[in-house]
Structure formats: C-alpha cells, structure tokens
Amino acid sequence: MNRRNRNEIAARVARDIPEGSYVNLGIGLPTLVGNHLPPGLEIFLHSENGILGMGPAPASGAEDPDLINAGKQPVTLLTGGCYFHHADSFAMMRGGHLDICVLGAYQVSATGDLANWSTGEAGAIPAVGGAMDLAAGAKKVFVMMEHLTKAGESKIVERCTYPLTGIGCVKRIYTDLAVIDVTARGLEVIERVDGLSFEELQRLTGARLIPAPEAAAA
Amino acid sequence: MNRRNRNEIAARVARDIPEGSYVNLGIGLPTLVGNHLPPGLEIFLHSENGILGMGPAPASGAEDPDLINAGKQPVTLLTGGCYFHHADSFAMMRGGHLDICVLGAYQVSATGDLANWSTGEAGAIPAVGGAMDLAAGAKKVFVMMEHLTKAGESKIVERCTYPLTGIGCVKRIYTDLAVIDVTARGLEVIERVDGLSFEELQRLTGARLIPAPEAAAA
Amino acid sequence: MIDKTVAGIEEAVAGIHDGATVLMGGFGGAGQPAELIEGLIAQGAKNLTIVNNNAGNGDVGLAALLKARRVRKVICSFPRQADSYVFDALYRAGEVELELVPQGNLAERIRAAGAGIGAFFTPTAYGTPLAEGKETREIDGRHYVLEYPIRADFALIKAFRGDRWGNLVFRKAARNFGPVMAMAARCTIAQVDEIVPLGALDPEIVVTPGIFVHRVVRVASTRAADVAA
Amino acid sequence: MIDKTVAGIEEAVAGIHDGATVLMGGFGGAGQPAELIEGLIAQGAKNLTIVNNNAGNGDVGLAALLKARRVRKVICSFPRQADSYVFDALYRAGEVELELVPQGNLAERIRAAGAGIGAFFTPTAYGTPLAEGKETREIDGRHYVLEYPIRADFALIKAFRGDRWGNLVFRKAARNFGPVMAMAARCTIAQVDEIVPLGALDPEIVVTPGIFVHRVVRVASTRAADVAA
C-alpha cells in the first residue's frame, strides 16, 4: 500500500483548511502543516504564546529571540499579524475562536477522546502545555499521527488507556493510512491510502470503523 | 458651629490622599476632591471608563468627546496617563489595586455598610454603575456626604434601611460636621468642626459614636 | 484574500435576526456605534436583547431603537439618567425588561463569554439586592457571588481604525466596552473612522485582533478636527 | 514626584522573603527576566514557590535557582524539556514539589488573582487527571472544572520599555505572561531594556499601566542589534 509519510499527512491536513480559517498547529508533527498551506490563501496561524498571523521560519541569521512559536522555534510575523498577552491568547483558544487546531496524539478513542500529553509511565515527568486548552476550546480538533505505534499497536482505540487530554473532542483523524471522522455514528473512514482495503485498515485499527457514505480511496 | 461646605469637605478628603495613591473619585460630590489635590503631588486618578492619570477639565473649546470621565464630563489626560478597556479597568478596581475610592452615600451603617445606589423607592428606576465594584474592590473606601438629609435625618445609621451597595466596606466618613472612622471598636470620631461638641455630634448622629484616641476639633 | 470590510451600514447590519442578543459598545457618547444603531433601526430586527452600559439617551441611538419598540430586554448598569425618558417610560409601562448588572460584573461577564469561562465568583454585589437569589460562596475568607457569561449573537462596536483582517485600534476612552464585546459575539461588527491598509497598524498596538471581528465598515467621523490627534 | 525606577538589580529584588510566591515571566527565553532571576539567586531568598510556564532550562535562570535549592514548589504547565535536567533530578528525588497546570488555566488563574475573581469554571482539563479531586459542574450542557486564583507576593517580569510611573510596553512574543503576572503580585518588579521619560509612551499603546508595577530596573539588552526594531 501507499503509506503516507509525515509530509504527505501534513499536506493532506492542509487541504482541509479553508481560506480565512484561524488555526493553531500543535508542537511537533502538526507544525509541518504550515509548510503545506497554499501560499496564495490567507490562513491565520495562531501561536499560544501570543501571536496571530504567524509566518514561516526566518532566513538564517534573521532570527529574533522575542519572536518564537509555541515550540520555541524562531518564526516571523505576517503583515497584518499582531501580538497579545497570554490570557488574551488563551481566551482565543478557550473561547471557541479558533476554527481548527491540529494536534499530535498517543491515542484517540472511538468517541473522540484524546490522549496526547502523558504516557502515564511511572516516574515520567508530566508536561501538558496548552494541549488541554486547545482540545477544550477549538471549534474543530484535528489529530495527525501515525496509525500504529512503533510496536505496531493501533493508536486508534475503543477506549484510551493513556491519561486523557480531553473528552470527545476530536473531530477528524489523519494518519499515514487513512482519514477518519469521529461522528455520532462511529469512526467513519473518509479516505484510505491507495492499495489499502477497508478490511485491512479495520484489521490494523483498534476500534470499529464504518465506511463513510462518501468514502473513497485517495 | 463651623459647618463645612462641599468644597471644604472635598479639601478635607484631599488632605488624606498621599502622593502616589491610585484613586477613584465617584461621580457627583466626590468629583470635587480632584480640585483640591495639591498640584505639586503626583496622585493617579482612575476613571472606570478606562483612564488612569486623568487630568482636570479641558479649557472651553478643547473638549474631546472621546475623553470623558465616569460622569460623562470632558476631562484631560496627564502626561504618563493611559487608556485601557473596561474589563482591565474593573480588574484594577475589583482586584484591589486602587488605594482609595471616594463615594457619595445615602447611608452608612455603624459597621461600614454602604447604601448609595438606590433609595428603594417603589417605581424608581434603579441604576448602579460601578459603585458596587468600587465598594468591593478598593483598598480603602472613603465616603463623603452631608451628615443629615434635607429632612434632618442622620445618614449615619445603626443599620442601613436603603438597599446596600456593599457590606462593611466603608473605612472613613467625611461630612460637613465630622470625620469618622469605621473601626472594629465602632465609629470613632477623628475630627469635629469648630464649635461642635462630641455630645452635640452624637445627638445629630443615628449611631453610637466613640471618641478616637487622637480625636480633636479641626 | 480575506476582506472583512463591507461597503455600507446596510450590509454591515444584515442578518441581525429577531430575538437576537446584541452587545452595543459605548460609555455615554464615547465609543457608541451610532451609525450601526441607526442601521439596526432601519434594518427592522425586533424582540432584541440589548446589552449596553446605559439604556439610551434623548431620542437617538439606543433610545430610538427602544422607541421603535424593537427591544424586549435591556441588560445594563446605569439606565437612569437625566435624559433616559424613553427607557423610563417603557420600563414603567412594563414594556421592556431590565436586568441591572453592576458595571464590573457586566464587563467581566462579557469577557467570560469571550474567554470560554462557564461562570465565575465575583466579590461585587455580595449582600446586596443585586445578588438576591444568586449562589454565593466564601473563599479564603471573602464572600463572592456566582455570575454567568453574557453571550451574544452580535456586537456593534465603534473603533478608530481598522484593516481588512478586522484588526482594530480605538481612540482614548472610546475604547471602553469595545474590546470585550468583540470577544463575546458570534458576529462582531465594527464601525471605524478609517480603514487602513493591512500592515498600517503596528502589530504591537493592535487592541482587538481580527479574530474577534467579522465585519468592518467605515463611517465618516462626526467628531471635531482633533480626530486624528 | 513618583519614581518607581531603581538603580540596580540588587535594589530591585530587595525584600523578597523566604517562603514567598514569585511569578516569573517568560515563555522559553522570550520575556524571561534573566537578570532579575540572577539577582534573586544572589539575594538568597529560599523556600520559594515559583510560577512559570516551564521549570528551567540548562543551568541558568530558574534552573540555577532550583540547583541552589531555593525552590520548594514549582507551578507550571510544561516542566519536561530536552534540557530541564536540573528540575528533573530534583523532582525525581522528591526535593521539589510540582503543580502541573494547563497553560490556559495558568494564565487565567493568574489573571483571576489580579482581577479579584474568587474562582472560575474552566472547560480545560475536564475529565482528565489534572481535574482529579476538583469540583466540576455542568453549565448549559458543557462540563467545567472550578479553578482558583494564583496570588503572588512578587512578580519578576521583563518588558521592553518602561517609565518612572511603571507604564510598560513589551516586544513581540516576549509579552506572553508579563501583563497578567504584573496584575497578580503584591509587588511587581520589571526589568526593561530602556527607561524612557514620562510621556514617551503613547497612552494608547501602554500594555501594562503603572498601577500594576512597583519597581522598574534597566538592564542592558543582550539581544542582537535588531532590538529597537
């Protein structure tokens, strides 16, 4: 089958972001989505540390230590962007003003529960950042992740075994194998990669899938 | 006796405002206090509609409709003053950042309860503005009022009969007859106007008074 | 290209539906979106709930909207004024409902709606008639009253300058309720004195980021010549 | 004349007492009051509760304060980082307490302290381990968790420019926690790149009004030449 690599997953997510959307891309894998937004469209990237209208990384040598993203990497500001403080920034997130956020995940459940901040491992030092605020606040939460762990276990599960980030918050899941919507009817498979049958996808997935009415191979 | 007029009460209040204080002067009578602040001292006047460092009324013809105080009269801004929105302005008030507010009153009780927003009259249209926020939030609430109503009744009472603005919030009362502190021991008379005995003041006052340790005629 | 500017007042107030809750900026005349309110009167929506610091003055603006019998309920802190006779008469006749809210609770409840807060404990009004029937709690030795967000369908606000992304700056004390109201409505409509090109507003001084603003309409200022000061 | 500027770091951090709760601005290096933290280390206060987004990086700043065993407890959203080894070791050894708070709750709890809010219902963390044991409530069909203010004795923040009344402006994303932390402490201490004369800051663009700031100290910027950009 034609498994998507990380950049291909990011490009697939980017296709679902309409012009004019206010979007937060979580740290790690989701940051890649920014590289695949069509350059002609005006999409507003929000960074939790107080930036709206965030632009791409600066040219080497033009980094500004006061202009970084949530992952603490140097970024730029688009013309028309602006700065604000943390409470205002999280008001945007928690008040339902962001259209879309894209998050990585350890696990997503059949009902859209998200686990992405802690493996719950004994002795691990927990860190949560803004993930729970995004999960609770964005109008649509998209998850972007590998379908399987390195050990080959499904990250889509009937019920999360890792500590939760949010309950019933995930709207759509993008993996290297498929695009899956979390709906009231269940996990609807919107797309499968070329050469992957529904049955094979189901076999690799730890929760019951259903074909979406409009489902088709990508 | 040497009853204080409104300007004299205002001047007396102004004497108790140290340099560097953040102060809100309520609409009506308390606004007069601004005219009596010593011009050499830096005292920061706050206006609930989003001004810190409010200055005096502008020269005639120099009024700006966008620069008004809480009573909707034209004002000016001192050098070093600034503007902010209503939630930030009331955060200053409610968060305990104002050192002093000066309010008018219908009644003040022996325990510092304040009634200054409604006479409770049937059919009256109530209006509260920011009075309850100031009463709840300022570090010190000063009340400035006539000692007696036009009908000759004491506005200092054992218990307020008018609807309350705040409970136990008043720290000091300035009237045309006296300056009185609300303390854990009771209403301590700090000052009486010339020619007014403690007994005569008590006779005119609807709550029990006690002489303050340092009490003296003004 | 995203362009939130609209050509005129009619377009700006389009879609405000009967029964809508509408936040209206301004404190006295400062920051009052007078032309948007006139547009709302012409547009015809009725049975409105209006949230404003006051309840109208004279015969214009909110008073005119009240006079036209379009308002079911007013949520405000200070209805009674020397020239609030339109509201006064309707209120006395039982033809408009009033929810009186201390001004700080008003601002904070609007902000809470914008910030996703479900409810908050406020010290203001504890022990007063305005807290009657409300949940209270003692926290760390202080008494508080539980207050809920004021969410709205529309906000009508007035700013000084705006750009096509909806970024706004205000002018002096006309800022007042504008920024918090912009956060709390599903559709925020801003009238501005001037529409400036994208990038003309310094990113450090934008007061209301465009994410909170949905329509921007230019209205020639009626202020004196000092407007650009 | 009111002059909140102080001559040096030592004077700026004077009086921070053992057992104090100290808010520390910054998100990564941006807005981190590095010189004030160094001053605090030299000053010697111990048994501190530190509120910061992170829990120190490398061997400098908050990490150095931790290494000097001055910190009893850290309240933060994101302690675990590639170079948070000082905190990690102390935490594993049980020598520092951690209160992990979602970043939005952290900012809002600090703001609540500054705004006089007794507690608030937040949607963040409902149903997660970080809400365990906390009061919850369903309001209008959504689930919320009750959170309390984070009040502090001191705030150490970094701004760009300040004046003698304590008015501050920030620079780009270095603004982050500074303005809310300034509201929440009994004594807010700001290090600034530049002290400007009163009136040099446009009243429209002041981000933190002087009422929230008690001491201002100039620290020569260690940033590149673009600092005035």
Side-chain angles (χ1 to χ4, degrees), chain B residues 17-24 37-55 64 66-68 75-101 130 132-139 141 166 169, chain D residues 1-5 23 107-120 149-153 155 159 161-170 178-188 195-216:
Chain B
I17 300 179
E19 180 162 33
S21 298
Y22 291 92
V23 179
N24 185 296
L37 296 172
L41 299 190
E42 293 188 336
I43 289 167
F44 307 106
L45 295 185
H46 171 267
S47 187
E48 63 206 46
N49 53 320
I51 309 173
L52 193 65
M54 185 170 60
D64 182 330
D66 286 343
L67 185 44
I68 57 176
V75 292
T76 52
L77 188 76
L78 300 182
T79 296
C82 63
Y83 306 110
F84 33 84
H85 65 56
H86 243 80
D88 282 349
S89 183
F90 279 78
M92 290 178 194
M93 296 158 75
R94 297 143 62 103
H97 304 282
L98 293 179
D99 296 298
I100 294 167
C101 80
M132 289 186 179
D133 303 290
L134 284 167
K139 283 179 199 153
V141 175
C169 56
Chain D
M1 195 180 98
I2 298 301
D3 187 357
K4 299 181 180 182
T5 63
L23 306 172
E108 190 73 14
R109 289 175 64 190
I110 294 168
R111 179 192 177 273
I117 302 299
F120 59 92
I150 299 177
R151 294 191 183 87
D153 300 298
R161 294 191 172 107
D163 65 27
R164 67 178 173 85
W165 281 5
N167 293 307
L168 301 178
V169 296
F170 297 82
V180 283
M181 287 185 169
M183 296 169 69
R186 285 191 305 102
C187 177
T188 291
I195 290 171
V196 298
L198 206 65
L201 300 176
D202 180 346
E204 299 283 5
I205 71 156
V206 168
V207 171
T208 291
I211 191 172
F212 297 128
V213 178
H214 306 86
R215 301 177 194 167
V216 179

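Throughout, a chain's letter reflects where its sequence line sits, starting with A, and its residues are numbered from 1. The basis for the numbers below is simple: all heavy atoms, side chains too, and nothing from hydrogens, waters or symmetry mates. Owing to the predicted nature of the structure, the values given are computational and were not obtained by experimental measurement.
Atom CD in B:E42 sits 9.0 Å away from atom CG in D:D3 (nearest 0.5 Å). The CG atom of B:D88 sits 7.0 Å away from the CZ atom of D:R111 when rounded to the nearest 0.5 Å. Rounding to the nearest 0.5 Å places CZ of D:F212 at 8.5 Å from CG of B:L52.
Between B:F84 and D:P209 the shortest heavy-atom distance is CD2-CG, 3.9 Å. Closest of all the heavy-atom pairs between D:N167 and B:C82 is OD1-SG, 4.0 Å. Closest non-hydrogen pair, B:L77 versus D:P203, comes out as CD2-CB, 3.4 Å.
A 4.5 Å side-chain heavy-atom check between D:I2 and B:F44 finds at least one atom pair inside the cut-off.
B:H97 places no side-chain N or O within 3.5 Å of a backbone atom of D:A115 that could act as its donor or acceptor partner. Within the 3.5 Å criterion, the main-chain N or O of D:M1 finds a donor-acceptor partner in the side chain of B:E19.
The most heavy-atom pairs under 4.5 Å with chain D, out of B:G137, B:G95, B:G96, B:G40, come from B:G95.
Both the backbone and the side chain of D:I211 have a heavy atom closer than 4.5 Å to some heavy atom of chain B. Of the atoms belonging to D:I205, not a single heavy atom falls under 4.5 Å from chain B. Looking at B:L41, neither its backbone nor its side chain comes within 4.5 Å of chain D, counting heavy atoms on both sides. In this structure, no portion of B:A136 lies under 4.5 Å from any heavy atom of chain D.
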